[in-house]
Amino acid sequence: MNWEAIIFWALATMVIAPALAIVFSKNIVHMAFWLLATLVGVAGLYLLMGADFLGMTQIFVYVGGISVLLLFGIMLTNNEPVYLRKLVKRPKLLPALTVGALVFFVMLRALVSTEWAQNPVEPEATAPALGMYLLSEFILPFEIVSVVLLVVLIGAAFIARRDGTGDPK
Amino acid sequence: MPNQFTFVRDILDLGGDSFWGFVAAIAVWAAPITGFVSLIGLVAVWLERKISAHIQCRLGPMEVGPHGLLQTLADGIKLLGKEDLVPDKADRVLFALAPMIVFAATYVSFAVLPFSQDGVIVDLNIGIFFIAAVGSLEAIGVVMAGWSSNNKWSLFGAIRAATQVVSYEVPLGLTLLAGVVCAGTMSLNEMTMAQEGWIWSWFIFRNPFMWAVFLIYFTASLAECQRAPFDLPEAESELVSGFHTEYSGMRFAVFFLAEYGKMYVVSALGVVMFFGGWYSGIPMLDNIGGLPGNLIGAGIMVTKSMILVCVQMWIRWTLPRIRLDQVMDICLKYLLPLALGLLMLVALWQGILPGEKRFGIVMIVAMIFAFLKMRTMVRNVMSKSSQQIELPVFKV
């Protein structure tokens, strides 16, 4: 076993074990921290595959930004233990299992049908290529996404106003 | 076989393909960095106490070593010997983990910080982005510390830290982008090499808008480090000592070390981005090359960075702390639009006059003139508004 395989399995464990811990943990703040470990593990997998920019973006956006906001929200709520068996109630069980199984099969299908590259290519800098693509071939989706995000930002600010009518006090 | 792990490719050349060689290589590189971070912490804490003392007309530590130079070492030994206290109702695992995460977030940045032309551990092609990304991890550790202490002051401090760090990342990221626009690369080594030559080829002089970008960068980095006037997360007069209220002994020392390490990291990044990194600004001195050239470069780099660290301390002991709403106002209403506008202007200049270095001469002359003008103005105001105060003189 070479060092790459060892690192891969270590990272895979780092992604899956915390994911399970999120499900079975009783403490909601612990869940948030476990989620963080999963996200770091995913970033590590990206880096292992040579996607350096993507991996760092994962850390920058998800671990450094979104997780902090998540924790921020959770810490201000009450801190009661969350029990899995209370969350999973009998009438909800069937639809939940159906949707879960469906997602699982879709992903399994994608996993099996994809032709995985067997011969790894020498990694190169991905950031310049990404930049070129975003401003040439994929400029339209890129612009649409940015406009959608702007709309979301304005909408969130509007809803978060105290009176909700939108006129400044 | 080709290795895919871009980050440690350079390190791997040292250890070969075996796993243990890889581990050994990491250990070999980690040792000097650990030493350097500790040394920076040691010197910076001493400097902070001296600077604060002299600003307040005191002497500061004087007893241990010449001018108290070994005081921090003595304090470190004291902290090592202290009892390791964990609050009764604290979350023990997270409580222990938090200082480690905060320190690791700072420590990792040193892997890509260049000291001289060849004195960089990994010349990452996304170096500047890497530092910004791992720097944002610090907030996680702070939040973890604040929550796990089970103390409301700690939690307040942590929440303040989270708000502040997440908000200031936006203008900070935009200023980093301005540097990237000037250099055309995200690698810190190449960014420095783009500023080779006489002193006016440094980005802060070469581009007429970069000095303003630097001011925004510096302000935002103060907030990132949670230094005064942005030290709300540990506001002593309000929150006991914020997120590390419950920490004592070595765990507290690790937080402290991380803070000073982070100050060095942001200063070094500022030096690379605006002040020509390891270049002295005199081509004859920079072209020496070889080991002596690298040593001179490292000396210049560390000196420039420490000067910026001292400016951070100077600001901390000069300005009062601002309120939380003012912190947010400064970030979202002033720094963010300014940074956006400046980014456009910087890009425009870069697009019209790429590689034009001689404009820097004009900027340097203008800056010296502005400085002298400002000095006379301040002196006039001072002499009119208040009578001269006799400062006490210490005899050592």
Side-chain angles (χ1 to χ4, degrees), chain A residues 1-8 10-11 27-30 32-34 36-37 39-40 43-76 79 117 119-128 130-131 157, chain B residues 1-9 12 15-23 91 93-94 97-98 101 105 108 124-140 142-144 146-148 150 155-156 158-163 165-167 169-170 173 180 184-187:
Chain A
M1 203 142 69
N2 58 359
W3 62 273
E4 258 182 346
I6 296 173
I7 290 176
F8 172 77
L11 284 172
N27 187 326
I28 194 164
V29 178
H30 285 181
F33 282 121
W34 283 123
L36 224 124
L39 293 171
V40 173
L45 284 179
Y46 287 150
L47 295 179
L48 191 65
M49 287 188 286
D52 47 1
F53 189 77
L54 185 63
M56 283 342 281
T57 312
Q58 167 89 4
I59 287 185
F60 201 15
V61 174
Y62 283 94
V63 184
I66 290 178
S67 294
V68 174
L69 292 179
L70 196 76
L71 282 166
F72 193 76
I74 286 172
M75 282 177 182
L76 294 174
N79 195 11
N119 302 315
V121 285
E122 187 70 12
E124 51 189 63
T126 53
L130 273 176
Chain B
M1 63 165 295
N3 68 72
Q4 290 181 302
F5 207 64
T6 345
F7 273 63
V8 285
R9 192 137 46 121
L12 261 169
D17 263 353
S18 78
F19 181 70
W20 290 110
F22 169 67
V23 173
D91 194 316
V93 179
L94 291 184
L97 206 58
I101 290 183
V108 170
L124 211 57
N125 62 348
I126 50 163
I128 203 162
F129 191 58
F130 177 84
I131 288 188
V134 296
S136 68
L137 287 182
E138 199 204 352
I140 298 284
V142 169
V143 168
M144 204 182 253
W147 184 80
S148 66
N150 201 12
L155 188 58
F156 279 148
I159 285 172
R160 284 180 178 191
T163 343
V165 171
V166 170
S167 309
E169 248 161 39
V170 183
V180 173
T185 169
M186 285 198 280
S187 147

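Protein chains get the first letters and strands the later ones, always in sequence-line order, with residue 1 at the start of each.
The contact between Leu155(B) and chain A is made entirely by side chain atoms (from C-beta outward), counting heavy-atom distances below 4.5 Å. Interface remark: Met186(B) contributes side-chain atoms only to the contact with chain A (heavy atom separation under 4.5 Å). Contacts of Val166(B) with chain A are made by side-chain atoms alone, with heavy-atom separations under 4.5 Å and no backbone atom involved.
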Under 3.5 Å, side-chain donor or acceptor atoms of residues 128-139 of chain B against the rest of the protein: list the pairs with distances, not counting sequence neighbours.
residue	atom	partner	partner atom	Å
Ser136(B)	OG	Ala133(B)	O	2.6
Glu138(B)	OE1	Lys262(B)	NZ	3.2

Donor-acceptor pairs under 3.5 angstrom involving side-chain atoms of residues 53-60 of chain A: please list them, not counting sequence neighbours.
residue	atom	partner	partner atom	Å
Thr57(A)	OG1	Phe53(A)	O	2.6
Gln58(A)	NE2	Leu39(A)	O	3.3

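Here the closest non-hydrogen pair linking Ala127(A) and Ile126(B) is CB-CG2, 4.0 Å.
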Test Ile140(B) against Leu36(A) for side-chain contact (heavy atoms from CB on, under 4.5 Å), laying out the working first. CA-CA 9 Å; Ile140(B) 298 284; Leu36(A) 224 124; 3.4 Å; yes
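In this structure, the side chains of Asp52(A) and Asn125(B) come closer than 4.5 Å at one or more pairs of heavy atoms. Taking the side chain as every heavy atom from C-beta outward, His30(A) and Asp91(B) approach each other to under 4.5 Å.
Put simply, of Leu94(B), Leu97(B), Val93(B), Thr185(B), the one with the most heavy-atom pairs under 4.5 Å next to chain A is Leu94(B).
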